[in-house]
*Asks:* 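Sharing a structure, written as structure tokens. Questions coming.
Just so we're clear, the structure is a prediction, and the values are computed from it rather than from any experiment.
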Amino acid sequence: MSFTVTEIRQNLFSVLESLLARRDEFLKNPSSDFTRKKKISFAQTMLFPMIAGADNVATELLDMFGENELPLPSAMIQRRNQVKKEAFQELFYMFNKSIPMSKTFHGYQLIACDGTRLNLPYNPSDKSTLVDNIEGRKPFNQVHLNALYDIMNDMFLDVEVQGMHEMDENSAFCRFLDKYSKSDRKVIYIADRGYGSLNNYAHDLHNNQLFLIRMKESNAKSLCPDRPHLLDNEFVDEKVTVHVGRRCRKGNSKYENYHHVKVYHRYDFIACGTDDIDSLCFRVLKFPLSSGKSANI
């Protein structure tokens with residue numbers, strides 16, 4: 001089932017109306033904000049930062065309203081300050097729910113996870129986003145955006161923004177997995193080499209999720225130390241079992257592919273100092289790419 005542009009627009013404005021009806025949740029002064037008819041409506045206030053380009057506020061307002069109904073930039077800023085940031089998050093989630101995600105890959109929803117950096121206006125007082133440790137470059141402000149993306153339906157499903165000093169893609173990935181673990185959809189999570197860690201694999205497996213995570217050949221070999229020749233062939237498709245513990249003791253050598261997780265490394269399923277062992281079972285794949293290089297998954 002596909003929606004027309006008109007239907008998508010109707011869905012969007014319907015969601016905006018429902019947010020305004022919940023004014024106690026999303027307006028800073030619900031008894032007075034957006035109670036009288038003015039040039040800038042609640043819907044326009046929400047839409048403006050979403051559609052504005054790189055020009056100054058006055059030019060962007062002209063493009064949005066035209067000359068006859070043109071408000072002052074200060075009026076838009078005043079209106080924007082009346083809306084809580086949670087309103088934009090709720091708009092994102094509710095609008096996504098209104099759009100059917102019908103396209104699948106053999107019945108599976110393909111969800112990719114990745115991160116990117118976004119530049120912000122220079123603000124030296126915002127220490128959580130200020131980057132000033134690059135030699136020869138003036139300080140600047142950035143945030144790190146972690147996102148889940150439905151490949152088949154061309155839609156972003158979830159996002160998490162982190163300050164550059166708190167940036168942790170793997171933690172964000174684990175939170176995404178835990179959040180969507182109760183979904184009744186059949187899902188395959190896809191991620192690149194930066195997400196290859198025992199803790200990520202454990203979150204996938206403990207949440208009964210399927211995943212496809214690329215890794216370097218050296219990392220794949222270190223993952224299975226008991227099978228040093230696992231990747232010798234051009235094509236590999238092998239089931240492996242990895243055991244994870246917090247103790248570095250001789251007795252643990254009896255476990256296949258045993259990995260000792262140190263105190264300063266994160267592993268959410270075994271408390272530090274305990275003798276518990278966690279077993280992770282999955283497949284290791286290797287196959288040639290069109291470039292001639294090998295892909296390890």
*Asks:* Quick one, Phe173 and Asp168 - any side-chain contact, counting heavy atoms below 4.5 Å?
*Replies:*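 They are not in side-chain contact.
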*Asks:* Assess the residue pair Gln82 and Asn29 against the criterion (side chain to side chain donor-acceptor pair (under 3.5 Å)); give the C-alpha distance rounded to whole Å, side-chain angles, the decisive distance to 0.1 Å, and a yes or no.
*Replies:* CA-CA 7 Å; Gln82 294 173 348; Asn29 297 293; over 6 Å; no
*Asks:* At their closest point, which heavy atom of Tyr195 faces which heavy atom of Cys113, and how far apart are they?
*Replies:*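 That would be CE1-O, 3.7 Å.
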*Asks:* Show, in sequence, the C-alpha distance, side-chain angles and deciding distance for Arg175 and Glu160, and conclude whether the salt bridge (charged side-chain N to carboxylate O under 4.0 Å, His left out) test is met.
*Replies:* CA-CA 10 Å; Arg175 283 189 289 272; Glu160 181 178 309; 2.5 Å; yes
*Asks:* More than 12 heavy atoms of other residues, nucleotides or ligands under 6.0 Å from NZ of Lys28: is that the case?
*Replies:*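 Correct, the count exceeds 12.
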*Asks:* Does the structure place the NZ or CZ of Lys186 under 6.0 Å from the centre of the six-membered ring of Tyr108, at an angle of no more than 45° from the ring's axis?
*Replies:*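 Pair Lys186/Tyr108 counts as cation-pi.
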*Asks:* Looking only at side-chain N and O atoms, does His203 offer a donor or acceptor that is under 3.5 Å from a partner on Asn200?
*Replies:*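 Judged by distance alone, the side chains do not pair up.
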*Asks:* Quick one: CG on Leu198 to CG on Asp268, what's the gap to the nearest 0.5 Å?
*Replies:*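 Output value for this atom pair is 12.0 Å.
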*Asks:* Any link between Leu285 and Leu210 through a network of hydrophobic side chains (Ile, Leu, Val, Met, Phe, Trp, Tyr) touching at under 4.5 Å?
*Replies:*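 Per the 4.5 Å side-chain linkage, Leu285 and Leu210 are co-clustered.
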*Asks:* I need the Phe282 CZ to Ile213 CD1 distance, nearest 0.5 Å.
*Replies:*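 The CD1 atom of Ile213 is 9.5 Å from CZ of Phe282, to the nearest 0.5 Å.
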*Asks:* Identify the two heavy atoms, one from Asp232 and one from Pro228, that lie closest to each other, and give their separation to 0.1 Å.
*Replies:*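 Closest pair (atom of Asp232, atom of Pro228, distance): OD1-O, 4.4 Å.
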*Asks:* Can a side-chain donor-acceptor contact be found between Asn146 and Gln162 if the only test is distance below 3.5 angstrom?
*Replies:*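 Distance-only check passes for Gln162 and Asn146.
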*Asks:* Nearest 0.5 Å please: distance from the CD atom of Glu256 over to the SG atom of Cys224.
*Replies:*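 Going from CD on Glu256 over to SG on Cys224, the span is 8.0 Å.
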*Asks:* Under 4.5 Å between side-chain heavy atoms, hopping through other hydrophobics if needed: is there a path connecting Ile134 to Leu120?
*Replies:*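 The answer is no; the residues belong to distinct hydrophobic clusters.
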*Asks:* Using side chain to side chain contact (heavy atoms under 4.5 Å, CB included), reason through Glu67 and Leu62 one step at a time and then give a plain yes or no.
*Replies:* CA-CA 6 Å; Glu67 294 183 0; Leu62 180 63; 3.7 Å; yes
*Asks:* Are the side chain of Lys286 and the backbone of Asn233 linked by a donor-acceptor contact shorter than 3.5 Å?
*Replies:*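 Side chain of Lys286 to backbone of Asn233: a pair is present.
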*Asks:* Mind checking whether Met50 and Leu19 sit in one hydrophobic cluster, side chains of I, L, V, M, F, W, Y counted as touching below 4.5 Å?
*Replies:*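 In one cluster with Met50: Leu19, yes.
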*Asks:* Does this structure show an ion pair linking Asp33 with Arg23, if we count only N-O contacts that are shorter than 4.0 Å?
*Replies:*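 No, Asp33 and Arg23 are not salt-bridged.
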*Asks:* Just by distance, with hydrogens left out, do Asn141 and Asp126 show a side-chain donor and acceptor under 3.5 Å apart?
*Replies:*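 Note: Asn141 and Asp126 side chains miss the donor-acceptor criterion.
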*Asks:* Measure across Arg247 and Asp275 and return the closest heavy-atom pair with its distance rounded to 0.1 Å.
*Replies:*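 So the minimum-distance heavy-atom pair works out to NE-OD1, 2.9 Å.
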*Asks:* Which distance, rounded to the nearest 0.5 Å, do you find between the NE2 of His144 and the OG1 of Thr129?
*Replies:*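 If we round to the nearest 0.5 Å, His144:NE2 and Thr129:OG1 are 14.5 Å apart.
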*Asks:* Hey, are His243 and Asp278 close enough side-chain-wise for a donor-acceptor pair under 3.5 Å?
*Replies:*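 The answer is no; no qualifying pair exists.
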*Asks:* What distance separates Leu61 CG from Asp55 CG, expressed to the nearest 0.5 Å?
*Replies:*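 Result: 11.0 Å between the selected atoms.
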*Asks:* What I want to check is whether the side chains of Gln142 and Asn119 have a donor and an acceptor closer together than 3.5 Å.
*Replies:*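 Distance-only check passes for Gln142 and Asn119.
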*Asks:* Mind checking the CE-CG spacing from Met152 to Asp154? Nearest 0.5 Å is all I need.
*Replies:*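 Answer rounded to 0.5 Å: 11.0 Å.
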*Asks:* Would Asn199 and Ser197 count as having a side-chain donor-acceptor pair, cut-off 3.5 Å?
*Replies:*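 No donor-acceptor contact under 3.5 Å links the two side chains.
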*Asks:* Tell me whether Ser98 contacts the main-chain N or O of Phe95 through its side chain, where contact means a donor paired with an acceptor under 3.5 Å.
*Replies:*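 Between the backbone of Phe95 and the side chain of Ser98 there is a qualifying donor-acceptor contact (under 3.5 Å).
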*Asks:* Regarding Asp150 and Gln109, do their side chains bring together a donor and an acceptor under 3.5 Å, going by distance alone?
*Replies:*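 Yes, side-chain donor-acceptor contact under 3.5 Å.
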*Asks:* Ignoring hydrogens and geometry, is there a side-chain-to-backbone donor-acceptor pair from Arg246 to His260 under 3.5 Å?
*Replies:*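 Here the side-chain-to-backbone pair does not exist.
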*Asks:* Is Asn123 reaching over with its side chain to a backbone N or O of Ser125, donor-acceptor style, under 3.5 angstrom?
*Replies:*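 Confirmed, Asn123 side chain pairs with Ser125 backbone.
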*Asks:* Only one of Tyr180, Tyr149, Tyr189, Phe176 forms a side chain to side chain contact (heavy atoms under 4.5 Å, CB included) with Ile111, so which one is it?
*Replies:*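 Result for side chain to side chain contact (heavy atoms under 4.5 Å, CB included) with Ile111: Tyr189.
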*Asks:* Under the criterion salt bridge (charged side-chain N to carboxylate O under 4.0 Å, His left out), I'd like the reasoning laid out for Lys84 against Glu25: C-alpha separation, chi angles, the key distance, then a yes or no.
*Replies:* CA-CA 8 Å; Lys84 296 180 181 179; Glu25 298 178 60; over 6 Å; no
*Asks:* Can you see which heavy atom on Glu238 is nearest to which on Arg227, and at what distance?
*Replies:*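 Minimum heavy-atom separation between Glu238 and Arg227: OE1-NH2, 3.2 Å.
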*Asks:* Do Glu17 and Ser14 pair up side chain to side chain, a donor and an acceptor below 3.5 Å, judged on atom types alone?
*Replies:*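 Distance-only check fails for Glu17 and Ser14.
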*Asks:* Indicate whether the side chain of Thr116 and that of Asp114 have a donor and an acceptor atom separated by less than 3.5 Å.
*Replies:*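 The answer is no; no qualifying pair exists.
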*Asks:* Given the ring of Phe34, does Arg79 sit roughly above its face, with NZ or CZ under 6.0 Å from the centre of the six-membered ring and within 45° of the axis?
*Replies:*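 Yes - Arg79 lies over the ring of Phe34, closer than 6.0 Å to its centre and within 45° of its axis.
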*Asks:* Can you check salt bridge (charged side-chain N to carboxylate O under 4.0 Å, His left out) on Arg22 and Glu90, steps first, answer last?
*Replies:* CA-CA 11 Å; Arg22 298 161 58 187; Glu90 186 70 3; 3.2 Å; yes
*Asks:* What class does the angle between the rings of Phe211 and Tyr201 fall in, given that below 30° is parallel, 30 to 60° is tilted and above 60° is perpendicular?
*Replies:*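 Ring orientation, 0 to 90° scale: parallel.
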*Asks:* Answer yes or no for Arg137 and Phe140: cation-pi contact, defined as NZ/CZ to six-membered ring centre under 6.0 Å and angle to ring axis within 45°.
*Replies:*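 Judged by the rule, Arg137 and Phe140 form a cation-pi pair.
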*Asks:* Stepwise, does the side chain to side chain contact (heavy atoms under 4.5 Å, CB included) test hold for Ser128 with Glu166?
*Replies:* CA-CA 8 Å; Ser128 67; Glu166 297 82 35; 4.0 Å; yes
*Asks:* Whether the Thr59 and Asn56 side chains hold a donor-acceptor pair (N or O, under 3.5 Å, no angle test) is what I'd like checked.
*Replies:*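 Side chains of Thr59 and Asn56: pair found under 3.5 Å.
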*Asks:* Check whether the side chains of Asp226 and Tyr258 place a donor and an acceptor atom closer than 3.5 Å, and report yes or no.
*Replies:*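 Result is no, nothing qualifies.
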